[in-house]
Amino acid sequence: MPELPEVEALKEFLDEHLTGRTVERVLPLAVSVLKTYEPPLTALEGQRAGPTGRYGKFLALRIGELYLVTHLARAGWLHWRESMPAQPPRPGKGPLALRVVLDGGEGFDLTEAGTQKRLAVYVVHDPQEVPGIARLGPDPLADEFDREAFAALLAGERRQIKGVLRDQSVIAGIGNAYSDEALHYARLSPFKLASSLDEDQITELHTAVRTTLREAVERSRGVAAGKLKAEKKTGLRVHGRTGEPCPVCGDTIREVSFADSALQYCPTCQTGGKPLADRRLSRLLK
C-alpha cells in the first residue's frame, strides 16, 4: 500500500508535471471508484490544474475551483502517460479505473490490481468534504508534530503501539510498512501497549517515526512515478523481509500474520530475543 512517503513523492511529481495543464477529458472506467457524483467528473474538463496537496495518504489535485481527490488504497497506483491512446479504453476491462487526458496528449491513469476494489475518487469543492480526510490525525512530518504532541496522542492509549501508529485518526499517513520500520528503529515490540511507553521510549519512537519517514521521502524524491514502488522496497529494513538477517544485529527477521496483513520484526532488537505469538501459525501446527 502506498504510504506517506510514496504519496508525498507522487504529490511532488504531479506538482511538476500537472500544474498549469488543462484537463481535456476525464474517463471513469470503474463505477466502484467514484464516491461522489456532484459535482460530476465532467466539471473538471476544460479547467486548469493547480498545485497538488497531500492529506495523509490522500492526494488532492486542484483543478479549476474543484479538487479531484484520490486514495490509492492497497493496490492502487497512478501511472503517468507521455501519450494517450487515441482509442478510448473499454470500461470494466483490466485494472484501469480512471483516465485523465491533458492538453498535448499527456495524462495519467489510476489503476487498481486484484479483486478487492478499494481505490476511491472524489470530486469536491474542499478536501475536508472527504470523510477520510476530515477525520485524519496530525501529519507526522508537520513542524507542530513535536515530541510533546506525540506524547499527548499516546497518553491513555490502551492499544498496542503498532495499531496506534496505523490508526489514521491518530497519525495521518503511516501504514503497515513504515510502522514496522519505525518500531524496529526504536527497538520496540509492536505488541507493547502505547500507554506503557516510558519517557525515553516515547522520545525514541518520535525520533524513529520522523526519521524513517523523512529518509523515505528523500529516497523517493525525484523518482519517476512508475518506479516508486520498487524504491520503497529497497529502503525497508524489516518490513517484507521475513527470514532475512536483521541489518542491525543479524538475527532472523520474523513475521506475525493476521487475516489480511502481516507485520515483521527482529526478536533481538525488539522483543528481548523472544518470538511473538503468531496465532495463525499456531493453528496450522495443531
Side-chain angles (χ1 to χ4, degrees), residues 1-15 18 26 28-41 43-44 49-63 65-78 95 97-98 100 108-142 144-145 149-150 153 157 159 162-179 182 209 213 216-217 220 225 228-229 232 258-261:
M1 175 183 288
E3 299 181 32
L4 185 157
E6 295 78 49
V7 179
E8 178 68 18
L10 285 174
K11 169 199 173 302
E12 294 181 1
F13 180 89
L14 290 172
D15 274 340
L18 180 64
V26 183
L29 299 160
V31 175
S32 62
V33 76
L34 293 175
K35 308 304 178 186
T36 57
Y37 300 96
E38 184 61 36
L41 280 172
L44 303 174
T52 298
R54 179 186 61 76
Y55 299 83
K57 302 177 192 177
F58 289 84
L59 283 170
L61 287 60
R62 181 70 182 264
I63 301 176
E65 297 300 316
L66 299 172
Y67 290 87
L68 178 66
V69 178
T70 184
H71 189 287
L72 297 172
R74 175 170 294 181
W77 198 246
L78 184 150
L98 185 82
V100 176
F108 63 86
D109 292 336
L110 293 179
T111 64
E112 184 172 28
T115 58
Q116 294 185 346
K117 301 303 181 182
R118 298 177 181 175
L119 176 69
V121 172
Y122 311 78
V123 179
V124 293
H125 294 279
D126 185 331
Q128 292 298 325
E129 296 174 24
V130 177
I133 291 179
R135 59 175 174 261
L136 286 175
D139 192 291
L141 293 185
E144 56 269 24
F145 190 82
F150 183 58
L153 293 173
E157 270 286 0
R159 292 180 292 168
K162 167 79 174 180
V164 173
L165 291 178
R166 292 186 64 188
D167 187 338
Q168 300 302 293
S169 67
V170 178
I171 304 172
I174 302 175
N176 196 29
Y178 291 107
S179 57
V209 166
L213 294 176
V217 168
S220 300
L228 281 170
K229 287 186 178 181
K232 175 180 179 177
F258 303 98
D260 60 352
S261 66

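Being a predicted model, the structure only gives us computed values, none of them experimental.
Residues I171 and V164 have side chains not in contact (no heavy-atom distance under 4.5 Å, counting atoms from C-beta outward). Looking only at side-chain heavy atoms (C-beta outward), K35 and V69 stay at 4.5 Å or farther from each other. The shortest side-chain heavy-atom distance between K57 and L4 does not fall under the 4.5 Å cut-off. For the pair V26 and I63, the minimum side-chain heavy-atom distance is 4.5 Å or more.
Side-chain N or O atoms of K117 include one that pairs as donor or acceptor with a backbone N or O of E112 at under 3.5 Å. Checked by atom type and distance alone, the side chain of T36 never pairs as donor or acceptor with a backbone atom of Y122 at under 3.5 Å.
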Subject >> Intermediate values then yes/no, side-chain contact (heavy atoms from CB on, under 4.5 Å), E157 and V170 >> reply: CA-CA 10 Å; E157 270 286 0; V170 178; 4.2 Å; yes
**OP:** List the steps, then state whether side-chain contact (heavy atoms from CB on, under 4.5 Å) holds for L110 with L72.
**Re:** CA-CA 8 Å; L110 293 179; L72 297 172; 4.1 Å; yes
Original post:
For F108 and L61, what are the C-alpha separation, side-chain angles and deciding distance, and is it a side-chain contact (heavy atoms from CB on, under 4.5 Å)?
Top reply: CA-CA 12 Å; F108 63 86; L61 287 60; 3.6 Å; yes
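With sequence neighbours left out, the side chain to side chain contact (heavy atoms under 4.5 Å, CB included) criterion links Q128 to Y55, D126, I133, A134. For D15, the side chain to side chain contact (heavy atoms under 4.5 Å, CB included) partners at least two apart in sequence or on another chain are K11, T19, P51, T52.
The aromatic rings of H71 and F58 sit perpendicular to each other, their planes meeting at more than 60°, with 30° as the lower class boundary.
Residue L119 holds its CG atom at 4.5 Å from OG1 of T70, rounded to the nearest 0.5 Å. Residue S261 holds its OG atom at 5.0 Å from CZ of R166, rounded to the nearest 0.5 Å. E3 contributes atom CD, which lies 14.0 Å from atom CD of E8 (distance to the nearest 0.5 angstrom). To the nearest 0.5 Å, atoms CZ (F13) and CG (L59) are separated by 12.0 Å. For the atom pair I174 CD1 and L165 CG, the distance stands at 5.5 Å (nearest 0.5 Å). To the nearest 0.5 Å, atoms CD (E6) and OH (Y178) are separated by 3.5 Å.
A pairwise comparison of heavy atoms in D139 and G56 identifies OD2-N, 4.4 Å as the closest pair. The two residues A97 and V33 have their closest heavy-atom pair at O-CG1, 4.0 Å. Closest of all the heavy-atom pairs between L98 and P28 is CD1-CA, 3.7 Å. In terms of heavy atoms, G137 sits closest to A172 at O-CB, 3.4 Å. Closest of all the heavy-atom pairs between P2 and V7 is CB-CG2, 4.2 Å. Heavy atoms only, all atoms of each residue included: D167 and S169 are closest at OD1-OG, 2.7 Å.
Counting non-hydrogen atoms of neighbouring residues, nucleotides and ligands closer than 6.0 angstrom, the CZ atom of R135 reaches no more than 12 such neighbours.
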